[in-house]
Amino acid sequence: MNLLEAFNVSVTFKSFGYEVQAVKDVNFVLPQGSVVGVVGESGSGKSTFARVLSGIQLPTAGHVNYMGEAIQDGKNVYKGELRKAVQMVFQDPYSSLNPRMRIINAVSEAVKIHQQVGKEESIDIARKLLARMGISGIDAQKYPSSLSGGQRQRASVARALSVQPKVLVADEPTSAIDQSAQSQLLELFNELIKDGLSIVLVSHDLGVIRYLADNVYVMQNGSFVENGSASDIFQNPSNEYTRKLISSIPGHKLNS
């Protein structure tokens, strides 16, 4: 079963009388229980496309389905219970964490709203969720500004998971954190994948994509120039742009 499908999606922005087509007539599939990577250089349109999948950005043309049903009804997106289905983790965790709210409160608030439980139970669930993310009870009482970049990112993942989503759309989740924090986050994603969570992983870091993704879409100038299984893309890319990206990975050799 396909959880997410995009059909002929385009996004055009208007600025100072000019039109910029950030995403150009793309199609996409996320099968249930899989990790699909979207790779491309900065400005390729991949983050805009991620926001379309998450319902944050409305497409100019085309549409997105969740389990066969359109996510958009007029200007309303992911109505009702569907709001829980797809959650996004941003490159900047401050996008999902209130700087004036302690981490435990930010997560327990989301638990209380979306899981419809009482205050004490929501705090208990949030504490356990944060502990799983590697956030100690002491750190859970801190404000976002008092945590490291890696801790903030893992806390933002906890907040997204508090909704109990079926799909996590992660936009450059490792780009703003150090190598050690990246390793911790990737191991966490591995655990979530084993639990059955489906992930759309958007990144310019092909090492991260190679480590986690089952299938890969390569984006250039708003279009997908190639897609396929991760093994095929990384060993036998057919597009010259893809070959250029992959050849930049230290120590990686393409099949001749």
Side-chain angles (χ1 to χ4, degrees), residues 3 33 35 47 50-51 53-56 78 80-203 205 207-208 211-212:
L3 284 184
V35 181
S47 290
R51 292 168 68 87
L53 293 180
S54 302
I56 297 170
Y78 288 118
E81 284 295 304
L82 278 183
R83 288 186 64 189
K84 301 180 182 180
V86 180
Q87 292 294 307
M88 189 164 182
V89 174
F90 298 89
Q91 176 179 351
D92 178 7
Y94 279 115
S95 299
S96 55
L97 297 173
N98 186 334
R100 298 183 181 87
M101 188 176 285
R102 297 179 193 275
I103 296 298
I104 185 68
N105 294 334
V107 177
S108 64
E109 178 189 60
V111 171
K112 184 178 180 181
I113 293 171
H114 294 285
Q115 296 190 33
Q116 297 183 337
V117 296
K119 182 178 179 180
E120 289 187 10
E121 187 177 354
S122 68
I123 292 174
D124 185 56
I125 292 171
R127 188 180 294 115
K128 291 176 180 176
L129 190 54
L130 285 165
R132 187 182 179 192
M133 302 297 114
I135 305 295
S136 70
I138 293 174
D139 287 332
Q141 296 296 329
K142 295 178 180 178
Y143 292 97
S145 60
S146 297
L147 300 181
S148 69
Q151 287 175 317
R152 283 195 295 269
Q153 191 60 286
R154 282 181 277 126
S156 70
V157 173
R159 195 176 193 285
L161 294 178
S162 68
V163 183
Q164 298 179 310
K166 301 296 184 183
V167 178
L168 200 65
V169 179
D171 183 18
E172 299 281 10
T174 62
S175 65
I177 55 181
D178 62 32
Q179 194 68 41
S180 175
Q182 285 184 21
S183 298
Q184 289 178 317
L185 188 63
L186 293 179
E187 285 305 312
L188 170 61
F189 278 175
N190 256 333
E191 291 180 19
L192 298 174
I193 293 162
K194 290 175 183 176
D195 287 346
L197 186 68
S198 302
I199 298 177
V200 179
L201 183 60
V202 179
S203 180
D205 188 332
V208 170
Y211 180 70
L212 286 178

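The figures here come from the full heavy-atom set of this structure, side chains too, leaving out hydrogens, waters and symmetry mates. Note that the coordinates shown come from a computational prediction; the quantities given were computed from them, not determined experimentally.
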> So does Gln115 get a backbone contact from the side chain of Gln164, meaning a donor-acceptor N/O pair under 3.5 Å?
no
> According to side chain to side chain donor-acceptor pair (under 3.5 Å), who are the partners of Ser162, at least two apart in sequence or on a separate chain?
none
> Once you round to the nearest 0.5 Å, how far does OG1 of Thr174 lie from CD of Gln179?
8.5 Å
> Could you tell me whether a side-chain N or O of Arg51 sits under 3.5 Å from a main-chain N or O of Ile56, the two making a donor and an acceptor?
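No, Arg51 side chain to Ile56 backbone: no donor-acceptor pair under 3.5 Å.
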> Sub-3.5 Å donor-acceptor pair from the side chain of Ser156 to the main-chain atoms of Gln153, do we have one?
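Flag set: sc Ser156 to bb Gln153 pair under 3.5 Å.
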> Could you tell me which residues satisfy side-chain contact (heavy atoms from CB on, under 4.5 Å) with Lys128, sequence neighbours excluded, listed by chain and number?
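With neighbours one apart ignored, the set is Asp124.
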> The criterion is side chain to side chain donor-acceptor pair (under 3.5 Å); which residues satisfy it with Asn98, sequence neighbours excluded?
none
> Who passes side-chain contact (heavy atoms from CB on, under 4.5 Å) against Gln91, sequence neighbours left out?
Glu172, Ser175
> With sequence neighbours excluded, what pairs up with Gln87 under the side chain to side chain donor-acceptor pair (under 3.5 Å) test?
none
> The criterion is side-chain contact (heavy atoms from CB on, under 4.5 Å); which residues satisfy it with Ala158, sequence neighbours excluded?
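Testing Ala158 for side-chain contact (heavy atoms from CB on, under 4.5 Å), a comparison that skips the adjacent residues, returns Val107, Leu129, Leu130, Met133.
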> So which pairs with a foot in residues 138-150 pass salt bridge (charged side-chain N to carboxylate O under 4.0 Å, His left out), sequence neighbours left out?
Asp139-Lys142
> Which heavy atom of Pro165 sits nearest a heavy atom of Ala85, and at what distance?
CB-O, 3.6 Å
> Which pairs, with at least one residue in residues 107-121 and sequence neighbours excluded, count as a salt bridge (charged side-chain N to carboxylate O under 4.0 Å, His left out)?
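Non-adjacent pairs meeting salt bridge (charged side-chain N to carboxylate O under 4.0 Å, His left out): Glu109-Arg159.
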> Going by side chain to side chain contact (heavy atoms under 4.5 Å, CB included), Ile199 matches just one of Leu168, Leu212, Val169. Which one?
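So, applying the side chain to side chain contact (heavy atoms under 4.5 Å, CB included) to Ile199 and each of Leu168, Leu212, Val169, only Leu168 qualifies.
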> Can you name the closest pair of heavy atoms from Arg152 and Leu97 and give their distance?
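Minimum heavy-atom contact is O-CD1, 3.6 Å.
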> Gly33 and Ser198: which non-hydrogen atoms are nearest, and at how many Å?
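Minimum heavy-atom contact is N-OG, 2.7 Å.
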> Taking it one step at a time, do Asn190 and Leu186 satisfy side chain to side chain contact (heavy atoms under 4.5 Å, CB included)?
CA-CA 6 Å; Asn190 256 333; Leu186 293 179; 5.9 Å; no
> Taking all non-hydrogen atoms of both residues into account, name the closest pair between Pro99 and Tyr143 and its distance.
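Shortest heavy-atom separation between Pro99 and Tyr143 comes out as O-CD2, 3.7 Å.
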> Kindly state each residue pair satisfying salt bridge (charged side-chain N to carboxylate O under 4.0 Å, His left out) with at least one member in residues 180-199, sequence neighbours excluded.
Arg132-Glu191, Arg132-Asp195
> Measuring from Arg102:CZ to Ser146:OG, what's the distance to the nearest 0.5 Å?
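Rounded to the nearest 0.5 Å, the CZ-OG separation comes out at 9.0 Å.
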> Using side-chain contact (heavy atoms from CB on, under 4.5 Å) as the criterion, list what pairs up with Ser180, not counting sequence neighbours.
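With neighbours one apart ignored, the set is Asp178.
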> Should Leu201 and Pro173 count as side-chain neighbours, where that means a heavy-atom distance under 4.5 Å?
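They are in contact (side-chain heavy atoms under 4.5 Å apart), so the answer is yes.
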> Using every non-hydrogen atom in the two residues, find where Val86 and Tyr78 come nearest and quote the distance to one decimal.
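Minimum heavy-atom separation between Val86 and Tyr78: CG2-OH, 3.4 Å.
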> Nearest heavy-atom pair of Ile103 and Ala155: which atoms, and what distance?
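Scanning both residues completely, I find the closest heavy atoms to be CG2-CB, 4.0 Å.
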> For Ser148, give me all partners under side chain to side chain donor-acceptor pair (under 3.5 Å), at least two apart in sequence or on another chain.
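So Ser148 forms a side chain to side chain donor-acceptor pair (under 3.5 Å) with Gln151.
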> Should Leu185 and Val157 be marked as a side chain to side chain contact (heavy atoms under 4.5 Å, CB included) after you check the CA-CA gap, both sets of side-chain angles, and the distance that decides it?
CA-CA 9 Å; Leu185 188 63; Val157 173; 4.1 Å; yes
> Identify the residue among Ser54, Ser203, Ser47 that makes a side-chain hydrogen bond (donor to acceptor under 3.5 Å, both in side chains) with Asp171.
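Only one of Ser54, Ser203, Ser47 forms a side-chain hydrogen bond (donor to acceptor under 3.5 Å, both in side chains) with Asp171, namely Ser47.
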